[in-house]
Amino acid sequence: MDMNYLELLKLASPEAIVVATALAVLAVGLTSKNAPVLCSTVGVLGLILAAAEVFMLPFNATLFHGMLVISPLASLFKVICLTLAFFTVILARSDRSSRHHGEYLALLLLATIGLMLLVGSEELLMIFIGLELTGLALYVMTAFDKTDIRSAEAGLKYFLFGSTASAFTLFGLSLVYGMCATTGLAAIAQKLVAQPLSPLLAAGIVMTLIGFAFKIAAAPFHLWAPDAYQGAPVSSAAFIASGSKVASFVVLGKIVLVGFGPAHGSAAWHAMVAGWMPVLAVLAALSIVLGNLVALAQSNVRRLLAYSAVAHAGYTLLGLVAGGREGFSATLFYTTVYAFTLVGAFGVVALVRRETGGDDFVNFSALWSRSPLLAGCMAIFMLSLAGLPPLAGFFGKFYLFSAAMRAGENHGLLWLVALALFGSLISLYYYLIILKVIFSEPALSEVERGHQNLEHPGQPRGRLREGGDFLQRTTVAVLAIAVLFFGILPGALLARIIAALP
Amino acid sequence: MPPFLFWFFALMTLGFGAGVIINRSPIGSALSLVLSFIGLSTLFLSLNAYFISVIQVLVYAGAVMVLFLFIIMLLDLRAEERRKINVVAFAGGAAVALALFVQVYRIIGALGAARQAFPPLRSGNTDDVRRVGLLLFANYNLPFQIVGVLVLVATIGVIVLSKRELR
């Protein structure tokens, strides 16, 4: 095949810029005295440059039979992944514990490259390498806080579960490759049209889906999530919950809807047909029930967010089970909105943790009187996650549920929609508990707070300091405004997503 | 390949292969295995199988054995060295091995095919290293480069996580 290195460099220029930025950040981190500020600046500039470069790309192009695809959808989600990385870089500056800031940001940027490749590839080999690149960087980022034993535990758990899931994915993908003799998604679909669902193909599909269920933390493959969300440095947890999830949903959607398209089966009530749809439907149902019920019993905000993430993975899968353009666009809209909401929520957690040394409910009590801004933003994030209008989460859920209702004949997915509505109702309760703690509980007495601060002596008490973390506060506020904006004008994002879908 | 080189490397492969079992120290065993692999890769080389020969050294002697050595050194296995040889078990094992050898020898001897001269090997002119290289640098160029980024991630991760923090 003729290939031109210059053309490759041109089409992969956003990724190349991020690689160069990662190397620059690494070098700056090793040499500079004022590393944290300088590294973040370089990182942020690189991400902005890469996002600008995405807009410079041609409208449609494909390289190496789909290994690198430039399409409106890929470009849109590359920009979204870069934006999420941008916010995470800013949030990462409030992590005191990370001593090797240059290395941390370099890993974050390298993980972003993995996300961009996942979003911009329609070929199994590239998808697997993208998954591994992202995963490997995230494992290290999870275990990065060496002063905290829980971070190491979280990293190890994430790594062990993750590598097992990767093995499953690779096994599944190689079975599919064995049956189709091609790794391009479109070509696989062509081969599958002529084939009935053989046991071998079913095994391949199920194993592939297991790997992705791990990535999106769908039950019963969610066991790593609570520990990773709670133990990892806050910015790592934010990136795992946002960027990694968005890219995983995009690529999962492409694999099942484009690649495995002909083997879809049906998840309709009393009319189940074998295929990937019933598998995803079962994953969704389990995630919604388990995530919401277990979240009720949590007393740590990050752990609660982890279990609610399991439930949200379940809701998001509804769009894929519904299938088609409408379902996929609902999934993409929801996962994007959810990612921005979670980055914001983790931003609040990071600031509260920095102040009070913990992220249990106790540390959030009477946040309202200490910092009205953070309390207000947290209220917006929690209510959006619960799905109340006029916030973005409401419209996300609305599109998902209506897509699932309309899918198939005879409202076959009604059972799943009913389950999801029931789950949302439960979730309202625990989100409101957080808000109750923030708004109506009396402030901790000075004695109790002193006890809380034993772990991190020397930190100022009382009111959250208004200076110093100005950037983080602004980021959180911007994210809250974005969640409000996408709730009032959901079309601004949804129209773009629908227009980008082929 | 001149016959004396073949004999040299064949004996090297077998001799160090035996060394893996005979050696009392796990590290000695692992190093014997590395040398045995190098002998084997040279035999592949003499059959014009350049790619397999290189991969044998890179993957087995290089990566896998170094991993073994790391694990042996990390776990600090000393029990094997201290264990005394049980004479009865040794004699029994030797007898079983001898019986098996005689059996296999007699069975192969009974087959007609074993009496005929070995047909000369076709000289392989397949340019395998070149073909793999072309594929790697043309069709699979992008994944190849991304794997480079992946290795960078692993390197940074190992250094950061394994370094002892000064307080």
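Bear in mind that the values here come from a model prediction, so they are computed numbers and not experimental data. Reminder, nothing fancy here: chain letters follow the sequence lines and each chain counts from 1.
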Side-chain heavy-atom pair [X], [Y] within 4.5 angstrom cut-off:
X      : Y      : result
B/I156 : A/L110 : yes
B/I146 : A/M126 : yes
A/L8   : B/Q145 : yes
B/V149 : A/L133 : yes

Around atom [atom1] of [X], are there more than 12 heavy atoms from other residues, nucleotides or ligands closer than 6.0 Å?
X      : atom1 : value
B/F37  : CZ    : yes
A/F168 : CZ    : no
B/F9   : CZ    : yes
B/L111 : CG    : yes

Practice task
Grab the two heavy atoms, one from B/A154 and one from A/L136, that are nearest each other, plus how far apart they are.
Solution key: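 Reported closest heavy-atom pair: CB-CD2, 4.1 Å.
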
Handout entry: A/K146 to B/V160 - nearest heavy-atom pair and separation
Key =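 Nearest pair, atom of A/K146 first, then B/V160: NZ-O, 2.6 Å.
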
Handout entry: Spacing of A/E103 atom CD and B/L161 atom CG [to the nearest 0.5 Å]
Key =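 Rounded to the nearest 0.5 Å, the CD-CG separation comes to 10.5 Å.
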
Exercise for the section: Take A/I129 and B/L142, measure what side chain to side chain contact (heavy atoms under 4.5 Å, CB included) needs, and give me the verdict at the end. Expected result: CA-CA 10 Å; A/I129 293 179; B/L142 187 63; over 6 Å; no

Handout entry: Residue that, paired with B/P143, satisfies side-chain contact (heavy atoms from CB on, under 4.5 Å) out of A/L68, A/L117, A/L125
Key =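 Among A/L68, A/L117, A/L125, the one meeting side-chain contact (heavy atoms from CB on, under 4.5 Å) with B/P143 is A/L125.
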
